[in-house]
Each structure stands twice: as structure tokens, then as C-alpha cells.
**Student:** 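I'd like to ask you about the structure that follows.
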Amino acid sequence: MYLEIITPDKKVFAGEVDAAQFPGANGSFEVLNLHAPLISTMERGRIRVTTKKGQEFFTVDGGVVEVLNNKIIVLAESVIE
């Protein structure tokens, strides 16, 4: 799957991932390969990205995630470092 994490001022992450977990407004959820189409809002929390190199974490201050055709786009309000 291809994942992009974007804030209003920069692209935070772009690349191939094996899995991604998000802080959904109704609880956390995970997206795996060939996931069904989905649009969800996110609360403030941590995104866990699993790649072939291991795991990476990004803390977001809310936003929207869209899953379509094995591509995930995250529009985050901000990424807290």
C-alpha cells in the first residue's frame, strides 16, 4: 500500500507500508493491504506505520484519513513532534 501523511504546510511521510493504525474518532483502526474503501475523521493521537524497515510513529492533532485503491491519504491538522 502507498501512504501519504500531509499537513497544511508540508508532506510528513510518503512511501510503501505494510500496515497503518490510526486514532479514529470512534476508536483506533488498522488498514491492511487491499482494505475496503474508507473515509474517517481522526482524533488527536498516534499513527503507527509498519514498513519493511520496522515501525514509525506520528502524533497528529486530528484530521481525515481516506483509503481507496490501496492508497491511504492522511490530511492531518498538524503533526506534533
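Residues: numbered from 1 along the sequence shown.
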**Student:** Does the side chain of Ile47 reach to within under 4.5 Å of the side chain of Phe57, using non-hydrogen atoms?
**Tutor:** no
**Student:** Roughly how far, to the nearest 0.5 Å, is the CG atom of Leu32 from the CD atom of Gln21?
**Tutor:** 10.0 Å
**Student:** List for me each residue that meets side-chain hydrogen bond (donor to acceptor under 3.5 Å, both in side chains) alongside Lys10, sequence neighbours excluded, and say none if there are none.
**Tutor:** Glu81
**Student:** Judged by atom type as modelled, is there a donor-acceptor pair below 3.5 Å linking the side chain of Asp61 to the main-chain atoms of Ser78?
**Tutor:** no
**Student:** Looking at every non-hydrogen atom in both residues, tell me the closest pair between Pro8 and Ala76 and how far apart they are.
**Tutor:** CD-O, 3.4 Å
**Student:** Side-chain contact, heavy-atom cut-off 4.5 Å: Met1 with Ile72?
**Tutor:** yes
**Student:** Could you tell me if the side chain of Ile80 sits less than 4.5 Å from the side chain of Arg44, heavy atoms only?
**Tutor:** yes
**Student:** Kindly work out whether a path of hydrophobic side-chain contacts (I/L/V/M/F/W/Y, heavy atoms less than 4.5 Å apart) joins Val64 to Val17.
**Tutor:** no
**Student:** Rounded to the nearest 0.5 Å, what separation is found between the CG atom of Leu3 and the CG atom of Asp18?
**Tutor:** 11.5 Å
**Student:** Within the supplied structure, the quantity of interest is the number of heavy atoms (other residues, nucleotides, ligands) at a distance under 6.0 Å from Asp9 CG; does it exceed 12?
**Tutor:** yes
**Student:** Could you grab the distance from atom CD of Glu66 to atom CD1 of Ile39, nearest 0.5 Å is fine?
**Tutor:** 5.0 Å
**Student:** Can you tell me how far apart CD1 (Ile73) and CD1 (Ile6) are? Round to the nearest 0.5 Å.
**Tutor:** 6.0 Å
**Student:** Among all residues two or more places apart in sequence or in another chain, which pass the side-chain hydrogen bond (donor to acceptor under 3.5 Å, both in side chains) test with Glu30?
**Tutor:** Arg48
**Student:** Consider only side-chain heavy atoms of I, L, V, M, F, W and Y, link residues closer than 4.5 Å, and tell whether Tyr2 and Leu75 are in one cluster.
**Tutor:** no
**Student:** Quick one: does Glu56's side chain get under 4.5 Å of Phe13's, heavy atoms only?
**Tutor:** yes
**Student:** So, taking the atom named OG in Ser40 and the one named CZ in Phe22, what distance separates them when rounded to the nearest 0.5 Å?
**Tutor:** 9.5 Å
**Student:** May I ask you to test the Pro23-Val60 pair for a side-chain heavy-atom distance under 4.5 Å?
**Tutor:** yes
**Student:** Are Leu68 and Val65 linked, directly or through intermediate hydrophobic residues, by side-chain heavy-atom contacts shorter than 4.5 Å (ILVMFWY only)?
**Tutor:** no
**Student:** Is the number of heavy atoms from other residues, nucleotides or ligands within 6.0 Å of CG (Asn33) greater than 12?
**Tutor:** yes
